[in-house]
**Student:** 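Dumping the structure here so I can ask a few things about it.
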There are 2 protein chains.
Amino acid sequence: MDQTRRRRGSTLEEAIVEAAWDELREAGYAKATMNNIARRAGTSKHVLYRRWKNQPELFLAALKRFAATADVPDTGDVRDDLVALLGRIRQVFDLLPGDLISGLITDSRNDAVLFDEVRTYVMGEGVHDVTRVILRRAADRGQIEPGLPAARILRLPIDLLRNEYLMSRGPLPAETVTEIIDDIVMPLLRPAARR
Amino acid sequence: MDQTRRRRGSTLEEAIVEAAWDELREAGYAKATMNNIARRAGTSKHVLYRRWKNQPELFLAALKRFAATADVPDTGDVRDDLVALLGRIRQVFDLLPGDLISGLITDSRNDAVLFDEVRTYVMGEGVHDVTRVILRRAADRGQIEPGLPAARILRLPIDLLRNEYLMSRGPLPAETVTEIIDDIVMPLLRPAARR
DNA sequence: GACGATAAGGAACCGTTGGGTCCTTACATG
DNA sequence: CATGTAAGGACCCAACGGTTCCTTATCGTC
């Protein structure tokens, strides 16, 4: 940009990641190109490939940088906490290029290391930590059975929302969140309760 | 193949779809090329593009042709029926090129018509009809509450299995099926029952 | 303050791929 | 047997990911 000022290190790196994100937002995963990203960042492909060994790797970096993890809601009620959590994730999904997640999953499938990174970030432990905190609090309050539920139940809320997101085009309706929580998750958390 | 015999119509079409499937199986979604498919089928790209307007369209045709829908298990018990159903689907998943489904989802995202076709086939009504029959029978036998459960619960078994498949590389372990059914689905079907 | 290693800028290049054109020739139909 | 349709096949094109090479600015070190 500034003709005679040559950026280096993390300054340059951030500019590139930001450019990648802009390109992803505007063109989508499928049509985003390394050339465009380089041009946007005011640099050359050379520099991109020095830092990331291929396109998906850079795209993942961009995703990591811009889709921050949500903090833990604390309303005093499990159900409301879960609704709030999924609500926020739904909003994040809305900001994502529609084909980013599925594209990343597809393209990282022949690279075990990258796939695991994608997996960890998009659907791995980190994401479910928040749910774990919510459920532990609920157990402490006596709203659900003591102790944590089975791993699969813990993952359920986010798995179901992500599933819904991957299987649809365009933004998710708000009811999706409440349906998932009220029809599926809550009945599993209150074992022999109402209804 | 046969030098002087020129195939036409459905004969040729089937040969192409079969070639596409072979190519998909051997190269995977990401690396399968139209050129290779044409060569395998002993024809030219010209002929492919006369029938399918682009690559994903042909790939979807190949998927439709080779991944037949399972028939309805009938063991006399809901739980066993569901386990059998998911078990079969799991086997089908094993035969699929690992990146086919997610690739199709990614690439069809900018074509509403195609996406809907993928959606209908991969995750649409047709797939859940089998579950519906199983549950209706169970309700008739009095094993679960009368009437069909909420749409979301009905879709749950297959949604969860597909989710597991999309989010992992390599074949799914058999326990996945029983865990999904026993930890999640069954407790939701027997409302105020055991545990 | 001078110097050398490092890395940025920039352009050109390569191989592959999806998609398309054009011409020749086989075949099914009337 | 004549004719329209479509298969076969070669060739072309633009775009893209990835690579290479050369020039030049910047940073750390002496």
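Within every chain, numbering begins at 1; the chains are lettered A, B, ... in the order of the sequence lines, protein sequences first and strands thereafter. All values reported here derive from a predicted model rather than from experimental measurement.
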**Student:** Does T43(A) make a side-chain N or O approach to OP1 or OP2 of dG9(C) shorter than 4.0 Å?
**Tutor:** yes
**Student:** Separation of M34(A) atom CE from dG10(C) atom C1', in whole Å?
**Tutor:** 16 Å
**Student:** Has the side chain of H46(A) got a donor or acceptor that lies under 3.5 Å from a partner of the other kind on the base of dC22(D)?
**Tutor:** no
**Student:** Closer than 4.0 angstrom, basic N to acidic O: yes or no for R155(B) and E164(A)?
**Tutor:** yes
**Student:** Salt bridge or not between D129(A) and R132(A)? Use side-chain N to carboxylate O under 4.0 Å.
**Tutor:** yes
**Student:** Give a yes or no on whether R51(A) atom CZ has more than 12 heavy-atom contacts from other residues, nucleotides or ligands under 6.0 Å away.
**Tutor:** yes
**Student:** Rounded off to whole Å, could you give me the CG-to-P distance for the N54(A) and dG18(D) pair?
**Tutor:** 5 Å
**Student:** When the distance from CH2 of W52(B) to P of dG18(C) is rounded to whole Å, what number comes out?
**Tutor:** 15 Å
**Student:** For the side chain of T33(A), starting at C-beta, report the closest nucleotide among dC16(D), dG18(C), dT19(D).
**Tutor:** dC16(D)
**Student:** Is D159(B) paired with R162(B) through a side-chain N to carboxylate O contact shorter than 4.0 Å?
**Tutor:** yes
**Student:** Roughly how many Å is it from NZ in K45(B) to P in dC11(D), rounded to a whole number?
**Tutor:** 13 Å
**Student:** Measure the spacing between CG of D81(A) and CG of D74(A) and express it to the nearest 0.5 Å.
**Tutor:** 5.5 Å
**Student:** Please report, rounded to the nearest Å, how far the P atom of dC13(C) is from the CG atom of N35(A).
**Tutor:** 15 Å
**Student:** Where along residues 55-63 of chain A does a heavy atom fall under 4.0 Å from DNA chain D?
**Tutor:** Q55(A)
**Student:** Show your reasoning for whether side chain to side chain contact (heavy atoms under 4.5 Å, CB included) applies to L156(A) and T131(A).
**Tutor:** CA-CA 10 Å; L156(A) 199 56; T131(A) 313; over 6 Å; no
**Student:** Taking DNA chain D as the partner, which of residues 96-114 of chain A come within under 4.0 angstrom of it by heavy atom?
**Tutor:** none
**Student:** Look at atom CZ of R136(A) and say whether more than 12 heavy atoms of other residues, nucleotides or ligands are closer to it than 6.0 Å.
**Tutor:** no
**Student:** Working to the nearest 0.5 Å, report the span between CG of D77(B) and CD1 of I134(B).
**Tutor:** 11.0 Å
**Student:** Are E23(B) and R39(B) within salt-bridge range, i.e. N to O under 4.0 Å?
**Tutor:** no
**Student:** Can you figure out which of dG9(C), dG18(C), dG9(D) approaches the side chain of Y49(B) most closely?
**Tutor:** dG18(C)
**Student:** Only one of D107(B), L104(B), V122(B) passes side-chain contact (heavy atoms from CB on, under 4.5 Å) with L60(B); say which it is.
**Tutor:** L104(B)
**Student:** Nearest whole Å is fine: how far is dA8(C) P from L48(A) CG?
**Tutor:** 10 Å
**Student:** Using salt bridge (Lys or Arg N to Asp or Glu O under 4.0 Å), reason through R137(B) and D140(B) one step at a time and then give a plain yes or no.
**Tutor:** CA-CA 5 Å; R137(B) 279 190 196 141; D140(B) 291 347; over 6 Å; no
**Student:** Separation of K53(A) atom NZ from dT19(D) atom C1', in whole Å?
**Tutor:** 16 Å
**Student:** Report the distance from atom CZ of R40(B) to atom C1' of dG9(D), rounded to the nearest whole Å.
**Tutor:** 20 Å
**Student:** Using a 4.0 Å heavy-atom cut-off, write out nucleotides 2-7 of chain C from 5' to 3' as B (base contacted by protein), S (sugar-phosphate only) or - (no contact).
**Tutor:** ----BB
**Student:** Relative to each other, are the rings of W21(B) and F66(B) parallel, tilted or perpendicular (30° and 60° limits)?
**Tutor:** parallel
